[in-house]
Structure formats: structure tokens, C-alpha cells
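For ligands, and for the atoms within them, numbers begin at 1 and follow the listed sequence.
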Amino acid sequence: MFENLREQPADKILALMQMYRDDPRTDKIDLGVGVYKNAEGITPVMRAVKAAEQRIWETQETKAYTGLAGDPAYADAMIGLILGDSVARGNVAAVATPGGTGACRQAFELIRMANPAARVFVSDPTWPNHLSILKYLGIETVPYRYFDSETRGVNFDGMIEDLKTARAGDVVLLHGCCHNPTGANLNSVEWQAVIDLINENGLVAMIDIAYQGFGDGLEEDAKATRLVAASVKECMIAASCSKNFGVYRERTGLLMAISADAGQTGLNQQTLAFLNRQNYSFPPDHGARVVTEILTDDALRADWAAELENVRLSMLGLRQNLADELQRLTGSDRFAFIAQHRGMFSRIGTSPELVERLRTEHGIYMVGDSRMNIAGLNDVTVPILAKAIVDVGV
Ligand code: PLP
């Protein structure tokens with residue numbers, strides 16, 4: 001049987017991580033994988049996470065199974081964090097999932113189950129794993145224009161033009177905030193126009209929100225997701241706690257299915273739980289319990305929000321410093337977009353050849369599509385990167 005296996009395409013980001021590890025240069029700079037790092041290059045355990053883990057260690061009396069949907073208290077806490085009071089709880093079905101990836105995977109399975117003819121419209125570019133999982137599940141994807149390589153902002157007219165080709169029942173996958181890989185995001189007027197189009201053409205919205213708190217703040221970053229959830233007939237939201245709680249390896253995510261008709265919620269909930277059962281039965285609990293502990297305790301929550309805000313501000317500072325340094329070196333504003341992008345990433349919009357030269361000549365690792373992880377920088381490496389960018393002629 002195994003002789004029938006064929007080698008699967010390597011994940012480009014994971015391959016880049018390996019190349020970085022194998023590079024003997026001591027001054028190499030890793031701007032590849034999407035993990036937050038502080039100025040010392042460490043991905044720290046957040047203070048509130050440590051405190052919550054200690055409490056759980058002291059008080060947890062069993063590790064028996066939770067429910068198929070995970071702990072309802074986790075769903076309540078996360079729904080509150082993401083949706084605020086934009087949608088009544090009775091309209092929201094939700095299950096815990098292994099990370100945001102698990103939430104996306106379960107959402108795609110839900111789409112295939114509910115409407116096998118549905119196509120999923122994905123931004124060009126999008127997080128590569130969206131495409132990979134959709135392909136694996138045999139779901140047709142249709143790219144919509146998103147990144148404008150001239151302005152490094154959103155090509156909104158192109159996006160709308162492409163979304164107009166969607167048929168009723170097709171799904172539009174949107175990034176709730178901090179678009180990965182580009183860092184370019186819709187403004188509130190544009191979000192409203194996308195919602196109008198979804199409603200006019202009978203499309204289904206799906207939001208992937210993996211960076212709440214990394215862009216403009218916890219509340220601000222949830223605004224678009226809340227607007228969509230409150231305005232459409234039905235939508236799915238795949239959320240990740242990996243980045244904003246720093247619990248990457250705990251695999252902590254949530255999938256919501258929201259219907260404007262609350263009478264549908266029971267069936268939605270039952271179906272989501274069924275899908276969990278088919279794929280892995282009970283979802284992981286530890287990370288979810290940590291998140292619940294933090295979100296339901298005023299002091300822990302405040303401390304977590306404060307630490308997250310520092311992370312956000314440090315990334316904004318790095319963005320501004322890099323844009324300023326490039327302005328200084330080039331005497332032009334053509335890199336100002338770096339300070340305008342939001343989240344952990346910016347796509348600098350250059351060719352794979354120049355990305356390759358940054359790596360070979362300067363030991364700077366970024367993804368081939370020229371996505372760089374802003375959090376991989378610090379005050380020492382910002383000027384080094386700026387000089388290298390100018391050097392290779394980006
Ligand atoms: N969605 C997007 C857009 C992401 O960038 C990521 C992680 O990189 C995820 C989902 C999934 O995150 P995880 O499965 O690690 O929680």
C-alpha cells in the first residue's frame with residue numbers, strides 16, 4: 001500500500017525555516033515563519049498564560065473528556081471577545097478546534113457538507129494553507145484580486161469585480177484583520193460594500209481571524225468581523241488564539257456558524273459537534289482552558305490585554321522605524337506602505353529573485369512572495385534590513 005504514496009508538495013514556509021536553521025551565518029535574520037518574537041528574538045509565554053496555567057495546575061481535578069464542542073465556557077468567552085454584543089448568543093453555534101487551522105478545516109468541511117456545489121472565493125494572495133486544505137478536500141477555489149503590487153494596498157475595484165462573478169451559495173473567505181500575507185486591509189467603507197455584495201448576491205461569508213489585537217487594537221480589529229456577523233444571513237468565523245495568546249503549540253481555536261435565524265442554531269451546533277467527532281473527537285482542552293481562565297478573570301484579562309497591547313505597539317514601532325529608515329536611504333516615500341500595513345506581516349511586493357538575493361547575499365530570510373514577519377525585526381536589525389533592501393534594488 002505505502003508504495004502508492006507520492007511525495008506531497010513541501011510547505012514553503014516550513015522549508016524556509018529549515019534553511020534558516022541550517023545557515024551557519026551568525027548575523028542571519030529570520031523574517032519567515034509567522035511567530036511573534038520580542039526584541040531578543042524570543043517567543044515568550046505571556047504572563048497571564050503562565051498565571052492561568054498555574055491556577056489550572058492547582059485546581060484542576062480531572063482530565064476526563066470535555067464535550068465534543070469543547071468547554072461551553074470557552075466558546076462563551078471567545079464569542080464575547082470576537083463578537084462583543086454584535087450578535088445574540090442564541091444565533092451562534094460554536095466548537096473548540098485544534099487551532100485556527102482546525103477551525104478553517106472544519107468550516108471547509110461544513111461547506112462541503114451543506115453545499116457540495118459551493119466554490120470558495122479566496123483573496124489573491126491568501127494564507128497558503130487555505131488553498132492547500134481546500135484543494136485537499138476537493139473544494140473548488142476562485143481567487144479574487146486583492147493585493148495591488150503598485151500601491152501595496154488593496155485593489156478594491158478588482159476585488160469587487162471578481163466577487164461579482166460569484167454565484168448564489170458560493171463562499172467568500174475574508175481575513176477579519178491583519179491580512180496574511182500582505183498586511184493590507186479593507187477600510188470600513190470597503191467592508192460595508194463587500195457585505196452589501198454578499199447580501200445582494202446570496203453569498204456566504206467566512207471570516208478567518210487569527211490576529212485580533214495585532215493590528216489596531218482588540219476592539220478595533222474585531223469591528224469588521226462584528227459588522228459582517230451582524231449584517232449577513234449566515235456566516236462562519238474561524239478564530240485562532242495562537243498569536244494573541246501566544247499559545248501556538250497548544251492548538252487553540254474556535255469555529256462559529258452564525259445564522260440570522262436563531263431556529264437554525266441547534267442544527268448548526270449539532271453538525272459542528274458531529275464534524276469534531278468525525279475528525280478528532282474531543283478538541284484539545286488545555287489552551288482553551290487557559291484562554292477561558294484569562295478572559296473570565298478581570299485581573300488576568302487586563303494583564304493579558306496590556307501585554308498584547310505592548311506587542312502590538314512594538315510591531316507598529318518597528319514598522320515606522322523601517323519605513324523611516326527606507327525613506328532616509330532612498331529619499332522617497334515608496335516604502336511608506338510598511339507603516340500603513342497592519343498585523344505581523346508586510347508584503348514588500350518584490351520579485352522572488354530579489355527575495356533570493358536578500359537571503360544569499362545578506363542572510364535575510366523572508367517568504368518567496370516577499371512577505372516579511374515584522375516581529376522578526378528589532379532596533380538593531382531594522383537598519384540592516386533597510387540597507388539590504390536598497391542594496392539589492394527592491
Ligand atoms: N489563519 C491565518 C490567516 C493564519 O495566518 C494562521 C496562522 O498562521 C492560521 C489561520 C492558523 O493558526 P493556528 O492553526 O496556528 O492557530
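- Residue contacts with ligand 1 for Tyr211 involve side-chain atoms from C-beta outward but no N, CA, C or O (heavy atoms, distance under 4.0 Å).
- Looking only at heavy atoms of the protein, atom 2 (C) of ligand 1 is closest to Asp208 OD2, 3.4 Å.
- Under the 4.0 Å criterion applied to side-chain N and carboxylate O atoms, Asp27 and Arg25 are not assigned as salt-bridge partners.
- Atom numbering of ligand 1 starts at 1 in the shown order; those under 4.0 Å from a heavy atom of Gly99 are 14 (O), 16 (O).
- Contact check on Asp157 versus Arg145 returns no salt bridge, with no Lys/Arg side-chain nitrogen under 4.0 Å from an Asp/Glu carboxylate oxygen.
- In this structure, the separation between CE on Met46 and CG on Leu300 is 11.5 Å, given to the nearest 0.5 Å.
- From the protein, the heavy atom lying nearest to atom 14 (O) of ligand 1 is Thr101 OG1, 2.5 Å.
- The contact set between ligand 1 and Ser242, taken as ligand atoms under 4.0 Å from a residue heavy atom, comprises 13 (P), 15 (O), 16 (O).
- For Phe337 and His341, the ring centers are positioned less than 6.0 Å apart.
- If you number the atoms of ligand 1 from 1 as listed, the ones under 4.0 Å from a heavy atom of Arg251 come out as 13 (P), 14 (O), 15 (O), 16 (O).
- Remark: aromatic rings of His179 and Tyr146 are close, center separation under 6.0 Å.
- Looking only at protein heavy atoms, the nearest one to atom 12 (O) of ligand 1 is Ser240 OG, 3.6 Å.
- Here the side chain of Arg342 pairs a donor or acceptor atom with the backbone of Ala339 at under 3.5 angstrom.
- Residue contact check: Ala210 has heavy atoms under 4.0 Å from atoms 1 (N), 2 (C), 4 (C), 10 (C) of ligand 1.
- Residue-environment remark: CD (Gln54) stays at or below the threshold of 12 foreign heavy atoms within 6.0 Å.
- Taking the six-membered ring wherever Trp is involved, the centroid distance between the rings of Tyr65 and Phe282 falls below 6.0 Å.
- Where the criterion is an N or O separation shorter than 3.5 Å, residue side chain and backbone included, Gly102 fails it with respect to ligand 1.
- Distance from atom 9 (C) of ligand 1 to its nearest protein heavy atom, with residue and atom name: Trp127 CH2, 3.5 Å.
- Interface atoms of ligand 1 facing Lys243, defined by a heavy-atom separation under 4.0 Å, are 7 (C), 8 (O).
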